[in-house]
Amino acid sequence: MIITPTNMVQTLPFLPTEVLTQIFTLTTTLDSGASLHSLLRVSQHFHDICLPLRFHCVSLTTGSSIKRLDQELKRLEGGPAHLRRIMHLHISLTQSDIQVDSECETISQIFCILQNAAETLRTLTFIYHNTLLSTSVLGRIFRKSFPVLTELTIHGFYPFPSPMPSNESPASIPIIKMNESFMPMLQRLHLSGNRNPYGLLQLSSFDKCFPSLSHLRISGLLMAGSFVEEMKDALEKHAVYDDLKSKGSCGTLLHWPAKLPTKLQSVVLQPGFMPPHNRVGVVGSAVKKDTWMMIQLKDIEEAAKRRQSVRVMLKDRTQDPDRVSINSVLYCDWLGRMNGDEGCW
């Protein structure tokens with residue numbers, strides 16, 4: 001039988017509700033919920049099935065969309081929890097997206113949304129370009145509790161992940177012990193926006209913050225010779241540590257050593273866009289530093305191929321941000337991962 005627009009509504013409702021629910025759930029990740037919103041208007045039967053899926057996959061790119069969702073979630077407070085369940089969330093803000101005088105209010109609304117989504121959120125992409133506030137805002141992300149979050153992408157001038165000291169524990173989360181992870185199920189972490197995150201592998205507490213982390217990606221590296229040296233040192237020590245464990249030995253590494261997460265299986269490194277040498281403002285010393293970084297990155301990739309420890313992948317440079325927006329790139333990665341693609345990995 002050929003299903004046409006005139007008989008579709010008469011045919012599909014005879015399928016069991018459970019089957020329709022599975023079908024409609026698949027549509028939520030195709031286009032950030034646009035198809036689902038159309039299905040909500042087909043019939044009362046479709047509306048009742050799709051209603052709990054309305055916030056399954058959400059993309060927020062403007063201050064007005066953030067305000068609207070925050071108001072909708074507050075309206076649903078006190079009602080059934082399944083009607084405000086958020087599984088996949090993409091938040092992307094640039095300076096042109098929000099008004100300067102209302103930016104703090106928008107950030108507050110974002111964290112209200114994250115609070116509502118925390119218990120069910122599986123994937124989160126958060127893009128924030130404000131260099132003055134991004135460190136504190138992204139730091140709050142790292143210290144929020146997301147018990148089932150498995151993938152996290154952060155873009156901005158991010159701080160290093162670290163556990164919250166007990167003397168800074170807010171009274172609002174007394175049930176969380178400070179030696180426990182806020183993201184115990186996180187497996188994939190993508191950090192972007194810091195050109196030279198030197199100290200990330202020395203000062204961060206990856207095992208405490210993300211004990212299940214198996215994939216780590218660092219993007220946007222420029223003239224990051226010191227970080228590349230840090231990564232090289234961590235990879236070498238990780239291989240030595242694996243050898244010591246296999247021999248039943250107990251080795252002591254250097255004080256403040258660069259250290260990879262214990263369960264890490266894969267590292268993806270991506271250099272950022274380097275303007276052409278003849279572009280105004282590009283100085284020779286910057287070109288030399290970046291060239292040296294690229295040599296070191298390729299050495300790391302080749303050395304990793306000879307070891308049976310962590311897999312290292314070196315990606316091509318990011319594209320010119322004036323031609324291809326990082327927001328659109330990360331959005332496509334987020335959407336692709338939900339539909340089974342490799343995304344940025």
Side-chain angles (χ1 to χ4, degrees), residues 22 24-37 52-61 65-66 69-70 73 81-82 84-93 109-128 137-156 158 161 181-193 206 209-220 261 263-268 270 315 325-345:
Q22 290 296 321
F24 296 161
T25 299
L26 294 176
T27 69
T28 62
T29 60
L30 294 177
D31 47 19
S32 302
S35 296
L36 187 75
H37 289 143
L53 306 174
R54 188 166 43 150
F55 304 127
H56 186 97
C57 175
V58 178
S59 178
L60 304 172
T61 58
S65 64
I66 291 169
L69 179 59
D70 180 51
L73 292 175
H82 70 281
R84 56 180 189 274
R85 183 184 298 131
I86 301 176
M87 308 286 286
H88 308 282
L89 183 58
H90 168 269
I91 302 175
S92 174
L93 290 177
Q109 292 167 349
I110 288 174
F111 279 94
C112 287
I113 293 171
L114 290 173
Q115 185 62 38
N116 275 286
E119 295 299 319
T120 57
L121 198 61
R122 303 289 180 84
T123 66
L124 172 62
T125 292
F126 192 99
I127 304 170
Y128 190 53
V137 170
L138 299 179
R140 288 181 64 184
I141 295 288
F142 287 138
R143 291 185 174 183
K144 283 197 69 66
S145 175
F146 297 105
V148 296
L149 188 70
T150 58
E151 298 194 20
L152 173 63
T153 295
I154 292 291
H155 177 81
Y158 55 85
S181 168
F182 288 105
M183 304 180 197
M185 302 296 292
L186 190 73
Q187 298 175 357
R188 295 174 184 259
L189 175 63
H190 181 191
L191 299 175
S192 172
F206 280 113
C209 297
F210 320 118
S212 301
L213 191 65
S214 59
H215 292 70
L216 175 64
R217 174 167 179 158
I218 312 294
S219 297
K263 296 184 179 180
L264 195 67
Q265 301 173 7
S266 174
V267 174
V268 179
Q270 183 178 31
K315 292 280 188 178
S325 168
I326 185 64
N327 295 30
S328 61
V329 171
L330 294 179
Y331 173 77
C332 291
D333 287 340
W334 171 74
L335 204 58
R337 285 295 299 164
M338 288 186 294
N339 291 287
D341 296 342
E342 290 185 2
C344 65
W345 304 99

Specify the closest pair of heavy atoms between [X] and [Y], including all atoms of both residues, with the distance to one decimal.
| X | Y | answer |
| --- | --- | --- |
| M183 | L149 | SD-CD2, 4.0 Å |
| P184 | S212 | O-OG, 2.6 Å |
| N327 | H90 | O-NE2, 4.4 Å |
| Y158 | I218 | OH-CG2, 4.1 Å |
| K144 | L114 | CE-CB, 4.1 Å |
| A118 | P147 | O-CD, 3.4 Å |

Nearest-0.5 Å distance that lies between atom [atom1] in [X] and atom [atom2] in [Y]:
| X | Y | atom1 | atom2 | answer |
| --- | --- | --- | --- | --- |
| Q109 | I66 | CD | CD1 | 7.5 Å |
| L335 | C57 | CG | SG | 6.5 Å |
| R337 | E342 | CZ | CD | 8.0 Å |
| L89 | W334 | CG | CH2 | 7.0 Å |
| Y128 | I110 | OH | CD1 | 7.5 Å |
| I154 | L138 | CD1 | CG | 5.0 Å |

With sequence neighbours excluded, residues passing ring-ring contact (aromatic ring centres under 6.0 Å, His included) with H88: H56

L186 vs F146, side chain to side chain contact (heavy atoms under 4.5 Å, CB included): CA-CA, chis, key distance, verdict: CA-CA 9 Å; L186 190 73; F146 297 105; over 6 Å; no

Heavy atoms from other residues, nucleotides or ligands near CZ of R122 exceed 12 (cutoff 6.0 Å):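 No, not enclosed.
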
Close side-chain approach of L264 and F206, heavy atoms under 4.5 Å: no

I141 and F111: CA distance, side-chain angles, deciding distance, side chain to side chain contact (heavy atoms under 4.5 Å, CB included) verdict: CA-CA 9 Å; I141 295 288; F111 279 94; 4.0 Å; yes

From L93, V137, T153, L152, residue fulfilling side chain to side chain contact (heavy atoms under 4.5 Å, CB included) relative to F126: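 Of all the options given, the one that passes is V137.
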
Side chain to side chain contact (heavy atoms under 4.5 Å, CB included) between Q265 and H215, worked out: CA-CA 6 Å; Q265 301 173 7; H215 292 70; 4.1 Å; yes

Qualifying residues under side-chain hydrogen bond (donor to acceptor under 3.5 Å, both in side chains), relative to S266, sequence neighbours excluded: R311

Short side-chain to backbone donor-acceptor contact, T120 and I86, under 3.5 Å: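 Yes, T120 side chain to I86 backbone: donor-acceptor pair under 3.5 Å.
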
Option from H190, K315, H155 for which side-chain hydrogen bond (donor to acceptor under 3.5 Å, both in side chains) with S219 holds: H190

Side chain to side chain contact (heavy atoms under 4.5 Å, CB included) evaluation trace for S59 with Y331: CA-CA 9 Å; S59 178; Y331 173 77; 3.6 Å; yes

